[in-house]
J.: 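If you scroll down you'll find the structure; I have some questions about it.
By convention in this document, chain letters (A, B, ...) are assigned in the order of the sequence lines, proteins followed by strands, and residues within each chain are numbered from 1.
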Protein chains: 2
Amino acid sequence: MPASEPAEYNPRHYAPVAVTVDVVALTIRDRRLHVLIVERGVEPYAGAWALPGGFIRPDEDLAEAAVRELAEETGVATRPAHLEQLASYGGPGRDPRMRVVSIAYLAFAPDLPDPQAGTDAAAAVWHPVDDVPPLAFDHTRILADGVERARSKLEYTPLATAFAGELFTISDLRLIYESVWGTPLHAGNFHRKVLSVPGFVEGTGQTTETGGPKGGPRAKLYRAGDARLLHPALLRPAREEEIR
Amino acid sequence: MPASEPAEYNPRHYAPVAVTVDVVALTIRDRRLHVLIVERGVEPYAGAWALPGGFIRPDEDLAEAAVRELAEETGVATRPAHLEQLASYGGPGRDPRMRVVSIAYLAFAPDLPDPQAGTDAAAAVWHPVDDVPPLAFDHTRILADGVERARSKLEYTPLATAFAGELFTISDLRLIYESVWGTPLHAGNFHRKVLSVPGFVEGTGQTTETGGPKGGPRAKLYRAGDARLLHPALLRPAREEEIR
DNA sequence: TCGAGTTATTCTCAGCATGAGATTGACTCA
DNA sequence: TGAGTCAATCTCATGCTGAGAATAACTCGA
């Protein structure tokens, strides 16, 4: 915790440290998981792609800073459906200018309009996560951690609904799981499973207006339920290679 | 990410921020989960209990800083069996002196000798987590987050073995789960479950020298296996209240 | 208008994992 | 020596899982 000897109360007796927030903002477009990245307009790494982020301000909370940077750099003004702290990255040398400790946040949103480059950014785009160019700083690693967190949280929380709109079908939900996990799921079993988890989804009595574009009956519409945890959980197919 | 305009490269243009690490070090003593806390020797909160921690140094990684602070403040020089980043806490006002962002780490260790107060600490003790006095700063909250993380990770990782010594019996392992979760478990089912998870434990062919202090046969001794994830997971009994 | 193809929803069924309880036999202590 | 303890194993009813199939509502192009 803070301090030891009185001398240490004065930050100038310490090597200067800067604190930033970086945001891994995820959404689903065209059945693929996308991340919001910006083209840096300033040095270092000017011209390189990076996660949106920036220095915290003296009077704002860390999460507030994440939302603000998202809005400033990308024009994504909608508050994300879900925002959670991911992890912190602070090894010496990760920024060539000075010691920078960065708190990464993970944001989920339903499909949003195209972002607009804002302060400090030359461009801002949604990009498929499985095909991201090398990112500045250690952002490639941060993105990987964020994607893994998202995949994992889909298993035991109703977070997938944060990627969907107000109303959705079970198939919409399944496509979200398939997009995030990158794995096809058994439609019948998924259906049974979702409806059997108390509080995951809530029927509305409504159905879609038409069948799918290629046929099929109208689907029932659901909204997010009040569960905070899925019990039992929806587990990913076992990934043998990750166990050992 | 770092920086915007060149002026911002200079940290003095920003309100000063200090970065600390705090450590939630957990162990099991006398069948109860204990946390390592120190009595602060300096202001602010002098005389209050707190988690061990302190400022990071310019040339060290965050995890290194956590290990160093643990050793300096408590004399716990053994490298913990497991160390992972927990979360960061950085709201304005959490430290009365200045803006302090703290990266919390979670450490697990087998039962260690009593700690010794070191730099900046008037005392250092292992204290049962379910009976901890109010802590300085937001450390009560950090501790709660750490304990919840530990409880949760026992479900799907072989982390419980980090609380055990080199060799342990299935009953030792069960006592660890019971201590951390605060719940009695069915001995027979636990036994079956642990042995059925590939790579969780590895038989040694050895047994304890004697039966238990109150009787019973000698137990087989195991060591930690090579699994990184438990599959299938050992789930806690459902906690109805946490689901909604 | 018709037929082929698509998809939401529901079933079936075998296999595995679970919780609860009981059994066996090795060991302790008084 | 006898009562009590406890590791280890089994039984059994129940529930969840993956895989496959059936049903019926809808689309589209011919």
J.: Hey, can you pull the residues of residues 202-214 of chain B with a non-hydrogen atom under 4.0 angstrom from DNA chain C?
T.: T210(B), G211(B), G212(B), P213(B)
J.: Scan residues 176-191 of chain B against DNA chain C and write down, sorted by residue number, each residue with any heavy atom closer than 4.0 Å; if none is found, say none.
T.: H186(B), N189(B)
J.: For R192(A), report the nucleic acid contact type (base, sugar-phosphate, nothing); a contact means any heavy atom under 4.0 Å.
T.: base
J.: Identify, with sequence neighbours excluded, every residue that meets side chain to side chain donor-acceptor pair (under 3.5 Å) alongside D111(A).
T.: R29(A)
J.: Using whole Å, report how far CG of L235(A) lies from P of dC16(C).
T.: 18 Å
J.: Taking only distance into account, with no hydrogens and no angle test, what donor-acceptor pairs under 3.5 Å do side-chain atoms of residues 161-172 of chain A form with protein atoms, sequence neighbours excluded?
T.:
unit_1: T161(A); atom_1: OG1; unit_2: P158(A); atom_2: O; d: 2.7
unit_1: T169(A); atom_1: OG1; unit_2: S171(A); atom_2: N; d: 3.3
unit_1: T169(A); atom_1: OG1; unit_2: D172(A); atom_2: N; d: 2.9
unit_1: T169(A); atom_1: OG1; unit_2: D172(A); atom_2: OD1; d: 3.4
unit_1: T169(A); atom_1: OG1; unit_2: D172(A); atom_2: OD2; d: 3.3
unit_1: D172(A); atom_1: OD2; unit_2: T169(A); atom_2: N; d: 3.0

J.: Please state how far atom CG in D172(A) lies from atom P in dT7(C), giving the value in whole angstrom units.
T.: 13 Å
J.: Under 3.5 Å, side-chain donor or acceptor atoms of residues 208-217 of chain B against the rest of the protein: list the pairs with distances, not counting sequence neighbours.
T.:
unit_1: T208(B); atom_1: OG1; unit_2: T210(B); atom_2: O; d: 2.9
unit_1: T208(B); atom_1: OG1; unit_2: A219(B); atom_2: N; d: 3.0

J.: Verify, without hydrogens or angle tests, whether E69(A) (side chain) and D22(A) (backbone) share a donor-acceptor contact under 3.5 angstrom.
T.: no
J.: At less than 4.0 Å, is any side-chain N or O atom of R218(A) found next to OP1 or OP2 of dT27(D)? Yes or no.
T.: no
J.: Under 3.5 Å, is there a donor-acceptor pair between the side chain of Q85(A) and the main chain of A104(A)?
T.: no
J.: Just jot down the ring pair (Phe, Tyr, Trp, His ring centres under 6.0 Å) partners of H82(A), sequence neighbours excluded, or say none.
T.: F108(A)
J.: Under the side chain to side chain donor-acceptor pair (under 3.5 Å) test, which residues partner R192(A), sequence neighbours left out?
T.: N189(A)
J.: Between L221(A) and L234(B), who's closer to the 5' end of DNA chain C by nearest nucleotide?
T.: L221(A)
J.: Identify, with sequence neighbours excluded, every residue that meets ring pair (Phe, Tyr, Trp, His ring centres under 6.0 Å) alongside W181(A).
T.: Y177(A)
J.: If you assign each of P217(B) and P232(B) to its closest nucleotide in DNA chain C, which residue comes earlier from the 5' end?
T.: P232(B)
J.: For the side chain of K220(A), starting at C-beta, report the closest nucleotide among dC16(D), dT10(C), dT7(C).
T.: dT10(C)
J.: Output the single nucleotide from dA24(D), dT10(C), dA17(C) whose closest atom is nearest the side chain of L195(A).
T.: dT10(C)
J.: Can you list everything that forms a side chain to side chain donor-acceptor pair (under 3.5 Å) with R149(B)? Sequence neighbours excluded, please.
T.: E84(B)
